[in-house]
Amino acid sequence: MTRSMFSYSKAILERVSFDPKLFCKELEKAIKVLLPYEIDQLRDWLLQFTEEKPELRQCLIYIN
């Protein structure tokens, strides 16, 4: 079974979440390749994911 771009993007973002600058860069890349409904899913996931990592909240400007 193939992995969706949404799942792949989410996995990459989880891996780079230690560095806010890199996280923002990868988020920008993800937004360019995802479909509109996937971006909505990513926005929901990001809001939940960044609750525990407030240093990443600055990157939410790219998705709003």
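Note that the numbering runs from 1 along the sequence shown for the chain.
Checked against side-chain contact (heavy atoms from CB on, under 4.5 Å), L60 has the following partners two or more places apart in sequence or in another chain: L46, L47, T50, R57, I63, N64. For D40, the side-chain contact (heavy atoms from CB on, under 4.5 Å) criterion is met by R43, not counting sequence neighbours. The side-chain contact (heavy atoms from CB on, under 4.5 Å) search around F49 returns E14, S17, F23, W45, K53, L56, not counting sequence neighbours. Under the rule for a side chain to side chain donor-acceptor pair (under 3.5 Å), the partners of K29 that lie at least two apart in sequence or sit in another chain are E26. When the ring-ring contact (aromatic ring centres under 6.0 Å, His included) test is applied to Y62, no partner is found at least two apart in sequence or on another chain.
Among pairs with a residue in residues 11-49, those fulfilling disulfide bond (SG atoms under 2.5 Å apart) read C24-C59, at least two apart in sequence or across chains.
Rounded to the nearest 0.5 Å, atoms CD (E38) and NZ (K10) are 11.5 Å apart. Between the NZ atom in K32 and the CD atom in E28 there is a gap of 6.5 Å [rounded to 0.5 Å].
Here the shortest heavy-atom pairing between Q58 and P20 reads NE2-CB, 3.4 Å.
Contact check for I12 versus R15: side-chain heavy atoms found under the 4.5 Å cut-off.
Shown here is F18, whose CZ atom has more than 12 heavy atoms of other residues, nucleotides or ligands within 6.0 Å.
Y8 and L42 fall within the same hydrophobic cluster, defined by Ile, Leu, Val, Met, Phe, Trp and Tyr side-chain heavy atoms under 4.5 Å apart, directly or through other members. One hydrophobic cluster, built from ILVMFWY side chains closer than 4.5 Å, cannot hold both Y37 and L13; they sit in different ones. By the criterion of side-chain heavy atoms lying less than 4.5 angstrom apart, applied directly or through intervening Ile, Leu, Val, Met, Phe, Trp or Tyr residues, I31 is grouped together with V33 in one hydrophobic cluster.
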